[in-house]
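Protein chains get the first letters and strands the later ones, always in sequence-line order, with residue 1 at the start of each.
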2 protein chains.
Amino acid sequence: MSVLTQSKEDYLEAILVISLEKKWVRVSDLADYLGVKMSSVATGIRFLAENGLVNHEKYGYIELTREGIRVAKQVYARHKTLYKFLHDFLGLSEPVAWRDACRMEHVLDAKTMKRLLKFLEFIETCPEGEPLWLSNFHSFLKTGKRPEPCLRREK
Amino acid sequence: MSVLTQSKEDYLEAILVISLEKKWVRVSDLADYLGVKMSSVATGIRFLAENGLVNHEKYGYIELTREGIRVAKQVYARHKTLYKFLHDFLGLSEPVAWRDACRMEHVLDAKTMKRLLKFLEFIETCPEGEPLWLSNFHSFLKTGKRPEPCLRREK
DNA sequence: TTATAATGTTAGCGTTGTCTAACATTGTTC
DNA sequence: GAACAATGTTAGACAACGCTAACATTATAA
């Protein structure tokens, strides 16, 4: 499949996300969701339709094709991973984390995405739940101080 | 000052970086460094000159103005912070980390940059040097296994 | 059912930023 | 200093992607 631009990936992801809630996705939904005009959506969707990523009849609903779903899910997965890192780990607010995740999702190397995922996995699979150093970091963010001296290996 | 595009920020940063080594910066240096043609550099530089960010006489050397230096240093600082996170912390290779940092540096919210900086500070100011959990993470990256059970608070 | 509102499409424009090709200047070498 | 190489500039094309304005279709409500 031809390489998609950032904008096209955004359209695909938006269709997926909207369709998680709305059953039918229309041009106006996408325009609202992405903050662009309907005419811009129309242009973008035409391209995606011509390239077999969406089905769309004039004045009708928009639907992802099998291939479109595949791509959209990839993009959405990257978005969620980045969001988790920015929001759950770095503690950024929901809107900032969501927007930055959206901007990062198109530019990062696959290796970087994988590595971030590894990092989140490292935290989440900690045998004792949230690791102490992470609590310490979050409290460091709030107070500017370390709540405890750094941890040492258990004796 | 007018808001600069990603491309313009890249030109400014590149001038700064090159001038750290070369004393004189020329159009060809920038073209090599950024992987674009000289004609593209010429266009970009003209804009920057018109907006008081660089000095450049036809067929001459390129120099940042005071304002240009200010902006370039900001961009470079973001780049270095991101690089440190991607390379030193996540353990990504130098080229991947450098390139992704370059892509991220233009899109992240100031809050996100600050927060990343905080995180790096949290690690670097650990009283005992590199925290054990970080070593554990790096070894987790290599082996896929945790070298130790998670740390507990000292008794 | 007809007027109006909402929605969707198309054409055409502006911006950004790259490129190629042609031309201009400067540097180098004999 | 003449010829050639290296470097720099300009003009013009193209791609992406947003926009406005005008028009087309569909939905809604009187």
Side-chain angles (χ1 to χ4, degrees), chain A residues 1-15 18-19 21-64 71-72 75 99 102-103 105-107, chain B residues 1-15 18-19 21-51 53-64 68 71-72 75 99 102-103 105-107:
Chain A
M1 181 61 225
S2 64
V3 176
L4 292 172
T5 62
Q6 171 160 347
S7 162
K8 299 308 187 302
E9 286 189 346
D10 281 337
Y11 283 120
L12 291 177
E13 187 194 355
I15 297 169
I18 293 170
S19 69
E21 304 214 325
K22 286 203 62 172
K23 182 72 182 174
W24 298 114
V25 180
R26 322 177 27 148
V27 170
S28 55
D29 296 323
L30 281 169
D32 288 350
Y33 185 88
L34 294 169
V36 299
K37 301 292 175 186
M38 282 196 295
S39 58
S40 305
V41 174
T43 310
I45 292 300
R46 193 191 312 152
F47 175 92
L48 294 173
E50 283 165 357
N51 286 271
L53 292 160
V54 304
N55 296 320
H56 181 225
E57 292 179 1
K58 264 196 180 183
Y59 301 100
Y61 298 111
I62 298 163
E63 212 180 28
L64 293 169
V71 177
V75 178
R99 212 199 44 206
C102 182
R103 292 171 169 182
E105 79 194 5
H106 307 288
V107 301
Chain B
M1 182 60 225
S2 64
V3 175
L4 291 172
T5 61
Q6 171 160 347
S7 162
K8 300 308 188 301
E9 284 189 348
D10 281 337
Y11 283 120
L12 291 177
E13 187 194 354
I15 297 168
I18 293 169
S19 69
E21 304 216 324
K22 286 200 63 171
K23 181 74 181 174
W24 299 115
V25 179
R26 322 177 26 140
V27 170
S28 56
D29 296 323
L30 282 169
D32 288 350
Y33 185 88
L34 294 168
V36 298
K37 299 293 175 187
M38 281 196 295
S39 58
S40 306
V41 174
T43 310
I45 291 300
R46 192 190 314 152
F47 175 92
L48 294 173
E50 283 165 358
N51 286 270
L53 292 159
V54 304
N55 296 318
H56 181 224
E57 291 178 4
K58 267 195 177 184
Y59 301 101
Y61 297 112
I62 298 163
E63 212 180 27
L64 293 169
V71 176
V75 177
R99 212 197 44 208
C102 183
R103 292 171 169 181
E105 79 193 4
H106 307 288
V107 301

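- Applying the side-chain hydrogen bond (donor to acceptor under 3.5 Å, both in side chains) criterion to A:Arg99, with sequence neighbours excluded, gives B:Asp109.
- Annotation: the span from B:Leu4 atom CG to B:His106 atom NE2 amounts to 10.5 Å, rounded to 0.5 Å.
- Rounded to whole Å, the distance from OH on B:Tyr61 to C1' on C:dG27 is 10 Å.
- To the nearest 0.5 Å, the span separating CD on A:Gln6 from CZ on A:Arg103 amounts to 9.0 Å.
- Residue pairs meeting the salt bridge (Lys or Arg N to Asp or Glu O under 4.0 Å) criterion with at least one member in residues 5-15 of chain B, sequence neighbours excluded: B:Glu9-B:Arg78.
- Taking every nucleotide of DNA chain D with any atom under 4.0 Å from a non-hydrogen atom of chain B, the first and last of them, 5' to 3', are D:dT7 to D:dT10.
- For the side-chain contact (heavy atoms from CB on, under 4.5 Å) test, residues two or more places apart in sequence or in another chain that qualify with B:Ala31 are B:Met38, B:Val41.
- Per the geometry, NE2 belonging to B:His56 stands 14 Å off P belonging to C:dT25, to the nearest Å.
- Within a heavy-atom distance below 4.0 Å of DNA chain D, the residues of residues 5-15 of chain A found are A:Thr5, A:Ser7, A:Lys8, A:Tyr11.
- Of the inter-residue distances, the one linking A:Leu48 atom CG with A:Tyr11 atom OH reads 8.5 Å to the nearest 0.5 angstrom.
- By the 4.5 Å heavy-atom criterion applied to side chains, A:Val75 and A:Glu105 are counted as neighbours.
- The stretch residues 27-37 of chain A touches DNA chain C through A:Val27, A:Ser28, each having a heavy atom under 4.0 angstrom from the strand.
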Atom pairs, N/O to N/O, protein against nucleotides 10-13 of chain C, distance under 3.5 Å?
{"from": "C:dT10", "atom 1": "OP1", "to": "A:Lys58", "atom 2": "NZ", "distance (Å)": "3.2"}
{"from": "C:dT10", "atom 1": "OP2", "to": "A:Arg46", "atom 2": "NH2", "distance (Å)": "3.3"}

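- Of the inter-residue distances, the one linking B:Tyr61 atom OH with B:Ile15 atom CD1 reads 15.0 Å to the nearest 0.5 angstrom.
- Scored by the side-chain hydrogen bond (donor to acceptor under 3.5 Å, both in side chains) test, B:His56 finds no partners at all (sequence neighbours excluded).
- Each end of the helix from C:dT1-D:dA30 to C:dC30-D:dG1 yields a helix axis from five base pairs, and these two axes differ in direction by 0° (to the nearest 10 degrees).
- With sequence neighbours excluded, the residues forming a side-chain contact (heavy atoms from CB on, under 4.5 Å) with B:Ala72 are B:Leu12, B:Leu16, B:Leu64, listed by chain and number.
- Residue pairs meeting the side-chain hydrogen bond (donor to acceptor under 3.5 Å, both in side chains) criterion with at least one member in residues 22-48 of chain A, sequence neighbours excluded: A:Lys22-A:Asp29.
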